[in-house]
Chemist: 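Structure incoming, see below.
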Amino acid sequence: MNALYSISKLLVSTTQLTVVLIITAAVFMFFIVVAVIKMRKLKAENKKLTEMESLKNDVEESYKDFTNGHLYE
């Protein structure tokens, strides 16, 4: 009888298990939401940097150094 009592003491109820699973799911959902927000911010920043780089390349292509053909002695 004593052994049966100690085994039932180790078992958890379905309510306790449900609460633990809900808390665990909530924590993981929080981390997923934070990761998605960070990913979107990084994606936006990457897009801005790519646009700035393309503008910089356009400016460098439009400017040509005309002193290469001249000989200054």
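Since we're looking at a predicted model, the values are computed, not measured.
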Chemist: Which distance, rounded to the nearest 0.5 Å, do you find between the CD of E45 and the OG1 of T50?
Modeler: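 Going from CD on E45 over to OG1 on T50, the span is 10.5 Å.
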
Chemist: Please give the remaining members of the hydrophobic cluster of I37, linking ILVMFWY side chains under 4.5 Å, ordered by chain and number.
Modeler: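 Cluster partners of I37: V33.
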
Chemist: Taking only residues two or more places apart in sequence, or in another chain, which ones meet Q16 in a side chain to side chain contact (heavy atoms under 4.5 Å, CB included)?
Modeler: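 With sequence neighbours excluded, Q16 shows a side chain to side chain contact (heavy atoms under 4.5 Å, CB included) to V12, S13, given in chain and number order.
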
Chemist: With rounding to the nearest 0.5 Å, note down the distance linking CD1 in I22 to CE in M29.
Modeler: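 Interatomic distance, I22 CD1 to M29 CE, rounded to 0.5 Å: 13.5 Å.
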
Chemist: With sequence neighbours excluded, what pairs up with T24 under the side chain to side chain contact (heavy atoms under 4.5 Å, CB included) test?
Modeler: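 With neighbours one apart ignored, the set is V20, F28.
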
Chemist: Hydrophobic clusters here meaning ILVMFWY residues chained together by side-chain heavy-atom distances under 4.5 Å, can you tell me if L42 and V36 are in one?
Modeler: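 Looking at the clustering, V36 is in a separate group from L42.
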
